[in-house]
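For reference, the structure discussed in these notes is given below.
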Protein chains: 2
Amino acid sequence: MAKIKPGKNASKKDVINQKAAVLFREKGFSSASMRELAEAVGVEAPSLYNHIGGKSELLQEICFKVANAFTSYLDTTENMEESFAARVEHIIRFHIRMMLDHFDEVYVANHEWKHLKEPYLSNFLIQRRGYEKRLIGLLEGGIAAKEFKQTNPYVAVLTILSAVRGLEFWQQHKKNISSRELEDDMVNHLLKGITK
Amino acid sequence: MAKIKPGKNASKKDVINQKAAVLFREKGFSSASMRELAEAVGVEAPSLYNHIGGKSELLQEICFKVANAFTSYLDTTENMEESFAARVEHIIRFHIRMMLDHFDEVYVANHEWKHLKEPYLSNFLIQRRGYEKRLIGLLEGGIAAKEFKQTNPYVAVLTILSAVRGLEFWQQHKKNISSRELEDDMVNHLLKGITK
DNA sequence: TTGTAAAACTAATGCTTATTAGTTTTTTGT
DNA sequence: ACAAAAAACTAATAAGCATTAGTTTTACAA
C-alpha cells in the first residue's frame, strides 16, 4: 500500500499544479480529465495521487493562490500615502500584470471557481465580495476627495475589473503591441476615457 | 422506432433551448447533464431527442443566435449617418441591453463557446474576430475624425467589450441601481473616464 | 550493500454520461 | 371515431470518469 504524506516534496506537486492550470484553462475544469493531466505531467493517472489529494484540491489551490495575491496587494495599497487616483492606478496596473504574468491561474480562478466544492466555494465568493467592497471604498474616497467624477462607484469598479479581466483575449491572440503600451493605454482609457 | 423530423414544432424545442441556456450558465456546458435538462423541461432524458439533435446542437444554437444578433446590429450602425462617437455609444448600449435582456444566452455564448465542435468552433471564432475588426475600424474612424483621442483602437475595443461583458456580475447580485443608470454610468466611464 | 520510504505501475471499482432501440401513450387531422 | 403522426416512456449500450487497492520499481541514507 502506498500512502504518502504530502511531505516536503514541493517540486513534483508544483509541476502538477502548473500543468493543471494550463489544462483547466484550455478545456475547462469539468472537461479536463486526470488522464490528460497525467499525460501532461508524464505519468499514469493514479500516480498523481501520490502527490495530490484529488482533482478538486487542484482547483482550490489555484483559485485561492490567485485570490490571496490580489487581497494581499490591496492590503499594500491601503497603507500607501498617495492620492486615491494613484492608488487606483496601482491596482489597475497590478491586475494587468497578474493577468499577463500568471495567465493560466488567473484565468482559471476567473472562470472555473464555480466548480469549487463547499465550503471553498462560499469562502471564495466571500473573499471576492470583500475585495470588491474595499475597492468600492477606494473609489468612494476618491469621489469624496474630488479626484473622481460624481459617478456610481459600484459601476466604476465593475467596469474597471471587467475591462482588466478582458486581457485574456489579448493573451489568446497576442497583438503587435508591447505589454507596457497596452497597460498604459488601458489605464488611460479607464481613468480618462477616450473622447476628447 | 421513433424517428422524427425536426418539423414545424417550434414551441417545445424553444422551451428546451431556453432551459438549456439557464442550465449551461449555471453549471457550465460540460457539467450540465441531459438528465438535468430533461428534469427542467419536465420529461425523461431520451424524450428530448424527439425535438433536438443532441447536446452539442443546443450549444451551437445558443452561441450563433447571440453572435448573429450582435453582427446584425453592427450592420445597422454601419449604415447610420451619425458621428463615430454616437455610433460607438449605440453599440455599447446595445451590448449592455443584450446582457441585461438575454442574460443566459449571452453568458453561455461568452463562456462556453470553447465546447463547440468543429466546424462550428472555427466559424464562431471567425465571426467573433470579424466583429472585433469592424469595431476597431469604427474606433479608427473616430480617431481619424478627431472625435477620439490618439489611442490604440485595439486596446479601446478590448476595454469596451470586456467592461460590458462584466455585467454578468451585476446580474448575479443585482444592485440597488436602475439598469438605465447603470447603462449611462458605464457609457460615460468608457467614453469620458472617471478622473476630473 | 542493504533497508526504507517515495513514487511509479496495473487492475479493478463503481458511478455517470450521452445516446439509441423499441414500445406505448398522447395528440391531431379528417 | 379512426388512422397516422408526434412525443412520451423503459431498457439497454458503450464509453468515460475519478479514485482506490495492491504491487513493483526507483531513489536515497546508513
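It should be emphasised that the depicted structure is a prediction, and the values quoted were computed from it without experimental measurement. Numbers restart at 1 for each chain; the letters A, B, ... are given by sequence-line order, proteins then strands. Side chains are part of it too, since the values below use all heavy atoms of this structure and drop only hydrogens, waters and symmetry mates.
In this structure, a donor-acceptor pair under 3.5 Å is absent between the side chains of Gln60(A) and Ser56(A). A side-chain donor from one of Glu118(A) and Ser122(A) sits under 3.5 Å from a side-chain acceptor of the other. For Ser30(B) and Ser30(A), the side-chain atoms include no donor-acceptor pair closer than 3.5 Å. Asn68(A) and Gln127(A) share a side-chain donor-acceptor pair at under 3.5 Å.
Across Leu37(A) and Leu23(A), no two heavy atoms sit closer than the pair N-CD2, 3.6 Å.
With rounding to whole Å, Leu48(B) atom CG is found 11 Å from dA18(C) atom C1'. Residue Phe24(B) contributes atom CZ, which lies 12 Å from atom C1' of dA18(C) at whole-angstrom precision. Rounded to whole angstrom, the span from the OH atom of Tyr49(B) across to the P atom of dG22(C) amounts to 18 Å. Across the protein-nucleic acid pair, Lys55(B) atom NZ and dT16(C) atom P stand 15 Å apart, rounded to whole Å. Atom-to-atom, CG of Asn50(A) to P of dT24(D) comes out at 16 Å; the value is rounded to the nearest Å. Rounded to whole Å, the distance from NE2 on His115(A) to P on dC17(D) is 15 Å. Ile52(B) has its CD1 atom 15 Å from the C1' atom of dA8(D), to the nearest Å.
A salt bridge is defined here as a Lys NZ or Arg NE, NH1 or NH2 lying under 4.0 Å from an Asp or Glu carboxylate O, and Arg35(B) with Glu39(B) fails to meet this definition.
Geometrically, Arg87(A) engages Phe84(A) in a cation-pi contact defined by less than 6.0 Å to the ring centre and at most 45° from the axis.
Between dA6(C) and His51(A), no contact under 4.0 Å exists linking OP1 or OP2 to a side-chain N or O. Contact between the side-chain N/O atoms of Lys12(B) and the OP1/OP2 oxygens of dA6(D) is not found at any separation under 4.0 Å.
Positionally, the nearest nucleotide of DNA chain D for Ser47(B) lies more toward the 5' end than for the other of Ser47(B) and Gly54(A).
Closest to the Pro46(A) side chain, of the nucleotides dA11(D), dC9(C), dA8(C), is dC9(C).
Non-hydrogen atoms lying under 4.0 Å from DNA chain C are contributed by Val43(A), Glu44(A), all within residues 26-45 of chain A.
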